Number of protein chains: 2
Amino acid sequence: MDDRTANNCLTPPTRDPDLRPVEGKEADEELATLAKAIGHSARVQILRLLAHRTACVCGDIVDELPLAQSTVSQHLKVLKEAGLIRGEVDGPRVCYCIEPRGLRRLKVLVAGL
Amino acid sequence: MDDRTANNCLTPPTRDPDLRPVEGKEADEELATLAKAIGHSARVQILRLLAHRTACVCGDIVDELPLAQSTVSQHLKVLKEAGLIRGEVDGPRVCYCIEPRGLRRLKVLVAGL
DNA sequence: GCTGGCTATCGTAGTTCGGCGATGGACGAT
DNA sequence: ATCGTCCATCGCCGAACTACGATAGCCAGC
């Protein structure tokens with residue numbers, strides 16, 4: 001009961017995003033989940049921050065946003081659970097970066113509307 | 001204080017969506033608002049229903065979804081307030097259809113990520 | 001006029017979200 | 001071993017979301 005720590009080594013049990021359909025009930029829920037993840041301006045900002053710096057920025061995100069560290073961490077968790085970003089432990093800090101698959105999937109689904 | 005009834009004759013006080021920037025604080029909030037609107041599978045379904053039938057369907061939406069009429073009406077309101085659909089009164093019924101500007105705007109903003 | 005079907009809104013209840021401070025674990029440096 | 005830093009999580013609160021039934025408004029037809 002302690003598999004709570006995010007282990008990004010084991011890939012999620014879902015299929016390859018690129019191979020999933022762009023319509024139907026499953027796709028609707030997938031799009032809704034992804035959209036909800038970017039349904040907050042702070043999370044959009046985070047996504048843009050990570051996209052603009054080719055390098056993965058870390059807790060500098062906290063400095064860029066007018067939010068408490070715990071709040072930013074929550075937003076990062078939401079984005080990570082949605083599959084839009086990835087977090088890798090780098091010594092004492094954690095390095096976040098865009099998850100290209102998830103972002104691509106979001107674009108495909110939105111474009112398919 | 002009774003301008004609560006949605007009057008779709010007066011265009012919203014916002015600028016033409018196509019002319020707004022795709023980045024920056026305003027764009028972030030705009031994208032977040034649009035994304036939140038499609039951040040629910042029922043609303044995604046509604047959007048697809050309206051997109052697939054070239055003609056504007058009406059309360060048939062209620063029959064397509066496993067939700068109460070009042071709930072569907074709420075979702076339609078959310079989509080309308082986000083500028084993604086339009087509702088026109090057609091006699092005793094109301095005809096909903098896609099708002100191409102809003103949908104286009106959403107696609108542009110997402111593609112700009 | 002009245003009636004009946006179609007929508008929107010209201011009121012309510014349960015759930016989820018968003019924000020924060022406080023706490024705790026992990027790691028490097030001393 | 002101890003300390004300081006970085007980050008995630010917990011607990012809490014108010015606000016917002018989601019769903020529903022009930023109610024009210026609107027419009028054609030009789």
Side-chain angles (χ1 to χ4, degrees), chain A residues 1-9 28-29 32-47 49-50 56-82 84-97, chain B residues 1-9 28-29 32-47 49-50 56-82 84-97:
Chain A
M1 60 183 66
D2 52 353
D3 54 335
R4 41 199 163 78
T5 55
N7 184 352
N8 53 11
C9 290
D28 288 353
E29 288 175 5
T33 301
L34 287 169
K36 195 189 293 185
I38 61 167
H40 194 287
S41 59
R43 292 195 285 267
V44 174
Q45 280 187 263
I46 292 174
L47 225 50
L49 277 177
L50 296 179
C56 306
V57 291
C58 324
D60 308 323
I61 303 171
V62 177
D63 299 332
E64 298 278 354
L65 300 183
L67 295 172
Q69 177 265 328
S70 58
T71 305
V72 172
S73 190
Q74 283 279 76
H75 286 307
L76 289 169
K77 185 182 179 185
V78 172
L79 288 171
K80 187 161 63 178
E81 284 179 351
L84 287 170
I85 66 174
R86 201 183 333 173
E88 292 170 6
V89 180
D90 174 28
R93 20 194 124 223
V94 179
C95 219
Y96 283 99
C97 56
Chain B
M1 57 183 65
D2 52 353
D3 54 335
R4 43 200 161 79
T5 55
N7 185 350
N8 53 12
C9 292
D28 288 353
E29 289 176 4
T33 301
L34 287 169
K36 194 189 292 184
I38 61 168
H40 193 288
S41 59
R43 292 197 284 268
V44 174
Q45 280 187 262
I46 292 175
L47 225 51
L49 277 177
L50 295 179
C56 307
V57 291
C58 324
D60 307 324
I61 303 170
V62 176
D63 299 333
E64 298 279 355
L65 300 184
L67 295 172
Q69 176 265 326
S70 58
T71 305
V72 173
S73 190
Q74 283 280 75
H75 284 308
L76 288 169
K77 186 181 177 184
V78 172
L79 287 171
K80 189 161 62 176
E81 284 179 351
L84 287 171
I85 66 174
R86 200 184 333 176
E88 292 170 6
V89 179
D90 173 28
R93 22 192 122 223
V94 178
C95 219
Y96 284 99
C97 56

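Computed from heavy atoms alone, side chains included, the values below leave out hydrogens, waters and symmetry copies. Given the structure is predicted, the values throughout are model-derived calculations rather than measurements.
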Inter-end axis angle, the helix from C:dG1-D:dC30 to C:dT30-D:dA1, with every axis fitted to five base pairs (rounded, 10 degrees): 20°
B:L47 CG to B:L76 CG distance, which is reported to the nearest 0.5 Å: 10.5 Å
Sub-4.0 Å heavy-atom contacts from residues 33-47 of chain A onto DNA chain C, ordered by number: A:H40, A:R43
Point-to-point distance, once rounded to the nearest 0.5 Å, from CG of B:L79 to NE2 of B:H40: 11.0 Å
Minimum side-chain heavy-atom gap A:Y96-A:L50 below 4.5 Å: yes
Distance in angstrom units between B:L79 CG and D:dC17 P, rounded: 13 Å
Selected nucleotide, minimal atom distance to A:Y96 side chain, candidates D:dC7, D:dT9, C:dA8: D:dC7
Atom pair CD1 (B:I46) and CG (A:D28), whose distance is rounded to the nearest 0.5 Å: 10.5 Å
Which donor-acceptor pairs under 3.5 Å do side chains of residues 58-67 of chain A form with protein atoms, sequence neighbours excluded?
residue	atom	partner	partner atom	Å
A:E64	OE2	A:R53	NH2	2.8

Between D:dC7 (C1') and A:D63 (CG): distance, integer Å: 13 Å
Sequence-aligned protein contact record of nucleotides 24-29 of chain D, with B where the base is within under 4.0 Å of a protein heavy atom and S where only the sugar-phosphate is: ---SS-
Rounded distance [0.5 Å steps], CG in A:L49 versus SG in A:C97: 13.5 Å
Heavy-atom side-chain proximity of B:E88 to B:V94 below 4.5 angstrom: no
Interatomic spacing from CD1 in B:I85 to NE2 in B:H75 - rounded to 0.5 Å: 11.5 Å
Rounded interatomic separation in angstrom, taking CD from A:E88 and C1' from D:dA8: 17 Å
Selection from D:dA19, C:dT7, C:dG19 that lies nearest to any side-chain heavy atom of B:H75: D:dA19
A:A35 versus B:I38, closest heavy-atom pair with distance: CB-CG1, 3.5 Å
Qualifying residues under salt bridge (charged side-chain N to carboxylate O under 4.0 Å, His left out), relative to B:E29, sequence neighbours excluded: B:K25
Separation of C:dT7 P from B:R93 CZ (nearest whole Å): 6 Å
Closest non-hydrogen atom pair, A:V78 against A:A37: CG1-CA, 4.3 Å
Which atom pairs link the protein and nucleotides 20-25 of chain C when you take only N or O atoms and keep those under 3.5 Å?
residue	atom	partner	partner atom	Å
C:dC20	OP2	A:A68	N	3.0
C:dC20	OP2	A:T71	OG1	3.0
C:dG21	N7	A:S70	OG	3.3
C:dG21	O6	A:S70	OG	3.2

Any residue meeting side-chain contact (heavy atoms from CB on, under 4.5 Å) with A:S73, in chain and number order, not counting sequence neighbours: A:Q69
Of all pairs that satisfy salt bridge (charged side-chain N to carboxylate O under 4.0 Å, His left out), the ones with a partner from residues 34-43 of chain A, not counting sequence neighbours: none
Residue mapping more 5' on DNA chain D - nearest nucleotide basis, A:C95 or B:V78: A:C95
